Protein chains: 2
Amino acid sequence: MAFKTDSAKKYLKEHDIKPSTIRIKVLQYLKDNKHHPTVDDIYKELIEDIPTLSKTSIYNTLELFLGKNIVNLVSIDDKESRYDIDTSAHGHFKCKSCNKIYDFNINTSNLGEEDIKGFIINKRKIYYEGICKDCLKSS
Amino acid sequence: MAFKTDSAKKYLKEHDIKPSTIRIKVLQYLKDNKHHPTVDDIYKELIEDIPTLSKTSIYNTLELFLGKNIVNLVSIDDKESRYDIDTSAHGHFKCKSCNKIYDFNINTSNLGEEDIKGFIINKRKIYYEGICKDCLKSS
DNA sequence: AATATAAATTGTAACCATTACAAAATTGGA
DNA sequence: TCCAATTTTGTAATGGTTACAATTTATATT
Ligand SMILES: [Mn+2]
Ligand SMILES: [Mn+2]
Ligand SMILES: [Zn+2]
Ligand SMILES: [Zn+2]
């Protein structure tokens with residue numbers, strides 16, 4: 001637990017979120033596990049600490065976080081949603097072999113957005129898929 | 001029906017797909033309706049022609065088309081999958097107001113993919129969301 | 001402290017797109 | 001025509017997500 005409870009409380013308050021027990025724990029989990037976890041990943045970990053935890057609470061919390069823009073939804077997986085506490089602009093690469101999701105930096109400024117000039121762009125989602133270096137090496 | 005039956009047959013054969021009745025109809029629909037339809041969109045239209053049509057057949061056909069790389073999956077909508085017969089490299093913009101999905105050209109060559117150098121990239125999916133020009137005008 | 005009110009959390013059922021799978025229908029060749 | 005392979009259908013199951021009312025917890029008031 002690298003991300004301390006006090007930091008979590010402060011962070012939530014700064015983003016206009018009342019720091020409840022579950023919100024603090026979810027935020028800590030996201031800050032400590034930046035590997036784009038699913039709802040189930042988070043639930044399975046937190047149920048250890050909070051035996052009464054409901055999966056609905058994880059959904060509620062993430063929905064709240066999304067609304068406050070402190071997490072981003074990563075829909076690179078067709079089955080279940082993933083969540084990313086890193087809201088800086090970056091792309092995601094999913095390896096079809098090991099299923100790992102890699103972050104990579106992007107430079108959208110010269111991507112070329114002439115066709116949608118005059119549109120308001122709120123979110124840019126960049127999803128790549130293929131085979132990662134590690135998997136290529138071991139084959 | 002701009003895309004003729006004979007052209008559809010030829011196209012399917014060229015891509016190693018046996019041209020069955022349903023496959024031909026689905027391909028024609030996709031060629032004539034490039035607005036990224038859902039399974040239900042396709043089903044609702046084709047059921048008019050083929051009263052015995054099963055929705056499973058649409059799923060089967062699209063799964064086959066995906067495997068043969070003649071359609072792309074567009075996952076910009078969180079609820080249901082969309083399909084695109086245009087497999088050329090382009091991005092998708094979804095307007096949160098009118099829900100229309102726009103195509104736009106991209107230039108991934110200067111997007112910056114240094115972080116995943118050495119990876120095999122099979123697919124690039126670029127999803128934007130925001131408000132389109134038309135919706136901005138009428139508000 | 002006790003009470004009242006609001007907010008957070010839980011539990012359960014429903015939703016619904018997608019998948020699994022076996023039965024039925026169709027196709028094409030011998 | 002007969003047979004086997006392929007295609008298509010119908011139905012049930014799956015599973016992530018959502019709706020929502022009940023319960024619990026936090027906060028404010030007296
Ligand atoms: Mn990320
Ligand atoms: Mn498109
Ligand atoms: Zn890999
Ligand atoms: Zn619009």
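Because the structure is a prediction, the values reported are computed rather than measured. Each chain gets a letter, A, B and so on, in the order its sequence line appears, and its residues count up from 1.
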Taking atom P of D:dT7 as reference, at what distance in whole Å does atom CZ of B:Phe65 sit?
12 Å

What's the OH-P distance between A:Tyr43 and D:dG15, to the nearest Å?
17 Å

Sugar-phosphate atoms are those with a prime plus P, OP1 and OP2; base atoms are the rest. Using that split, label each nucleotide of nucleotides 9-22 of chain C B, S or - for protein heavy atoms under 4.0 Å, 5' to 3'.
SBBB----SBBBB-

ring-ring contact (aromatic ring centres under 6.0 Å, His included) contacts touching residues 17-48 of chain B (sequence neighbours left out)
B:His36-B:His92

Could you give the CD1-to-C1' distance, from A:Ile17 to C:dA7, as a whole number of Å?
15 Å

In whole angstroms, how far is the P atom of D:dG16 from the CG atom of A:Leu62?
15 Å

Spacing of A:Leu73 atom CG relative to D:dG16 atom P, expressed in whole Å
15 Å

Tightest non-hydrogen contact, residues B:Asp115 and A:Asn105, listed as OD2-N, 2.7 Å

Heavy-atom count check: over 12 atoms from other residues, nucleotides or ligands less than 6.0 Å from A:Lys9 NZ?
no

Between B:Lys44 and B:Asp40, does at least one N-O distance fall below 4.0 Å, as a salt bridge requires?
yes

Would B:Phe104 and B:Tyr128 satisfy ring pair (Phe, Tyr, Trp, His ring centres under 6.0 Å), going step by step from the backbone distance to the final call?
CA-CA 10 Å; B:Phe104 65 93; B:Tyr128 283 15; 4.9 Å; yes

So, using ring-ring contact (aromatic ring centres under 6.0 Å, His included) as the criterion, who are the partners of B:Tyr11 when residues are at least two apart?
B:His15

